[in-house]
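Read the structure below first, then the notes.
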Amino acid sequence: MKVVNIPYRQTKKFTHLVNDYLSKSDKLHDFYNHYPYLENFSAQWEEKSKYNIDRKLLVEVLNDQNQLLTLSSLTRCNIDSLIKEDSFTVTTGHQLCLFTGPLYFVYKIISTINLVELLKEKYPEKNFIPVFWMASEDHDFQEVNHIHLFGKKIEWNSGQKGAVGRMSLEKIEAILDDLDELLGDSVNAKHLSLLFRDAYLKNNSLADATRFLLNSLFGKFGLVILDGDDNRLKKQFISIIKKDVLHQGFFETISKCSQDLAKEYKAQAFVRDINFFHLSDRGRKRLDREVLESEIDSNPEDYSPNVLMRPLFQEIVLPNLAYVGGGAEVAYWMQLKTAFEQEQIPFPILVLRNSILWMEQKQVNKWQNFGFDLADLFLDENQLHQQYVSWLTNLNLTEEFKNLNRVFEQILSKITDKGLQKSVMAEHQRQLNSFKKLEKKLYKSEKKKHDDALKQITQLKAKLFPNNSLQERYDNFIPFYLKHGDNFMEILKKELIPLDAKFVILSPQ
């Protein structure tokens, strides 16, 4: 396996906030608690140990939600161990994307599992459990109902509204049939087909199907899957629901923190007066009427937290030490630092998930045969073309430009008349402009001679950066699983280093 690590900032694909967080900039110091160094986790669990978690209820809910699954011995042990005061979670979460959605869905989970294993090695006296929090109450169906595969969009259309986790799986068999046509008939294809059919045809809701699928893919690594859409868990959240819904008790606090963050960075999430939706069989809608306190007491499950309240809910429910997420998630968590302080809830360590570009060996060979390093992948298309043509034709006129500058510097050194100096400087600029035009003409002429190679460079770049975005934000894991089978996950497990602030390029050899 060939592994190349590149600083995030060098890729130019990540926000200033992400780059500054990874470089531990003082600008962000007030927006997080402990920085994600391995040695800081002991201080984090000291803080979390002082916060009361209803562990008995948590284990009860997990057992109920997972009772129909065939759990690995490690996952079963992890759920049981949560009753103990020396057990802590590391959590990630995501929307319930069809067939896991974009690659980073998988990367988030592997990053979380690897961090847990690293913590177990460092602190064997404690128990650490990887948790996936299902964002089952999200209602943006258009974000989760499709994947991109082999140049096609596989899309599940449904007229259902409301929380996606509660949606039935009507009309999804036709999508599975379409998918089978693309998968082919290899051993790995048949395995995936059977897995997806078991997940989506033998379960009643998208939440149940996603839980089944994730347990099948990651259960052997001990992953514990939790759905926050549970009446018993919501009861623990009643005081927060009331404070927000009845008294708008978070608006000022979160707004001020967000404004402070926005002095240097773009705020990720919009702050509202009320940060809960009303959840019912008719949908998930913003609260547009006055709510009685008794309604919240009687039916807390009808109140669904938005993106800014969900982190508070998670940290009340779980004995959690860290949240593993992408750059956007790190950004909106930072908007909540003072809200956590207001409620005296320990703010978790924010860990940026691993980011990966997966390249097949033939792609690596082709790229390097063009003369590029793997780090050059992040240059734009024009830069790549210019660099390639310059290498082949030695068209770079840098030395000639330097010689021209020296000539005019010598001329200027012999002239004292101000007016004449201006004339010489103007002539210098005209000559520079002429040189630049000549360089462009030479480049354009030579470029035509290498048109086929430049097209191949463009095609390979587009393949690795589909839709001009990172591969992990667009492609699904299916093509890689078809080629490598279970070894795809094993390679990720082996090669991704938790807490390592580098973008990773992986290629099997």
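Residue indices begin at 1 and follow the sequence shown.
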From the list Phe340, Tyr323, Phe31, ring-ring contact (aromatic ring centres under 6.0 Å, His included) partner of Phe347 resolves to Phe340
Given the rule in the ring-ring contact (aromatic ring centres under 6.0 Å, His included) test, do Phe132 and Phe218 qualify, once you have shown the distances and angles that lead to the verdict? CA-CA 10 Å; Phe132 183 87; Phe218 304 104; 8.5 Å; no
Glu252 CD: over 12 foreign heavy atoms closer than 6.0 Å: no
Strictly distance-based, threshold 3.5 Å: is any side-chain N or O of Gln335 a donor or acceptor partner for the main-chain N or O of Ala269? yes
Consider only side-chain N and O atoms of Asn127 and Ser81, and report whether a donor and an acceptor are under 3.5 Å apart. no
Return yes if some donor-acceptor pair links the side-chain N/O of Asp138 with the main-chain N/O of Gln95 below 3.5 Å, else return no. no
Answer yes when Asp20 and Arg9 have at least one side-chain N-carboxylate O distance shorter than 4.0 Å, and no when they do not. yes
Do Tyr200 and Trp156 have ring centres separated by under 6.0 Å? no
Angle class for the Phe14/Tyr8 ring planes (parallel below 30°, perpendicular above 60°, tilted otherwise)? perpendicular
Taking the side chain as every heavy atom from C-beta outward, state whether Leu279 and Asp229 have any atom pair closer than 4.5 Å. yes
Inspect the contact between Asp64 and Arg232 and indicate whether a charged nitrogen and a carboxylate oxygen are less than 4.0 angstrom apart. yes
Below 4.0 angstrom, N of the basic side chain to O of the carboxylate: do Asp86 and Lys84 qualify? no
Can you tell me which residue among Ile505, Leu464, Ile491 is in a side chain to side chain contact (heavy atoms under 4.5 Å, CB included) with Trp358? Ile491
Between Phe488 and Phe480, how do the two ring planes meet: parallel, tilted or perpendicular, split at 30° and 60°? parallel
Between Ser355 and Arg353, a side-chain donor and acceptor under 3.5 Å: yes
What I want to find out is whether Lys202 reaches Asp208 closely enough, with some N-O distance under 4.0 Å, to be called a salt bridge. no
Please answer whether the main-chain N or O of Ile296 pairs with a side-chain N or O of Asp302 as donor and acceptor at a distance below 3.5 Å. no
Does Val351 offer a backbone N or O that forms a donor-acceptor pair with the side chain of Tyr21 under 3.5 Å? no
Start with the C-alpha distance between Arg310 and Glu137, add both sets of side-chain angles, then the distance that settles salt bridge (charged side-chain N to carboxylate O under 4.0 Å, His left out), and finish with yes or no. CA-CA 10 Å; Arg310 194 271 306 160; Glu137 295 176 55; over 6 Å; no
side-chain contact (heavy atoms from CB on, under 4.5 Å) evaluation trace for Ile356 with Leu103: CA-CA 9 Å; Ile356 303 113; Leu103 274 164; over 6 Å; no
Is the CG atom of Asn204 crowded by more than 12 outside heavy atoms at less than 6.0 Å? no
More than 12 non-hydrogen atoms from neighbouring residues, nucleotides or ligands closer than 6.0 Å to NZ on Lys122, yes or no? no
Any salt bridge linking Asp177 with Arg197? Criterion: basic side-chain nitrogen under 4.0 Å from a carboxylate oxygen. yes
Within 6.0 angstrom of Lys463 NZ, more than 12 heavy atoms from elsewhere: no
Quick check on the 6.0 Å ring-centre criterion: do Phe465 and Phe378 meet it? yes
Would you say that more than 12 heavy atoms from the other residues, nucleotides or ligands in this model lie under 6.0 Å from the CD of Gln344, or not? no
Between Gln65 and Asp227: side-chain donor-acceptor atoms closer than 3.5 Å: no
Please determine whether a side-chain nitrogen of the Lys or Arg among Lys108 and Glu329 lies less than 4.0 Å from a carboxylate oxygen of the Asp or Glu. yes
How about CD on Glu39, more than 12 heavy atoms from neighbouring residues, nucleotides or ligands closer than 6.0 Å, or not? yes
Kindly say whether Gln44 contributes a backbone atom to a donor-acceptor pair with the side chain of Glu47 at under 3.5 angstrom? no
Taking atom NZ of Lys120 as the centre, report whether more than 12 heavy atoms of other residues, nucleotides or ligands fall under 6.0 Å from it. yes
Asp244 and Tyr303: side chain donor to acceptor below 3.5 Å: no
How far apart are the C-alpha atoms of Asn476 and His148, what are their side-chain angles, what is the distance that settles it, and do they pass the side-chain contact (heavy atoms from CB on, under 4.5 Å) test? CA-CA 7 Å; Asn476 182 266; His148 298 282; over 6 Å; no
Given side-chain contact (heavy atoms from CB on, under 4.5 Å), test Leu192 with Asn188 step by step and report yes or no. CA-CA 6 Å; Leu192 278 182; Asn188 291 335; 5.9 Å; no
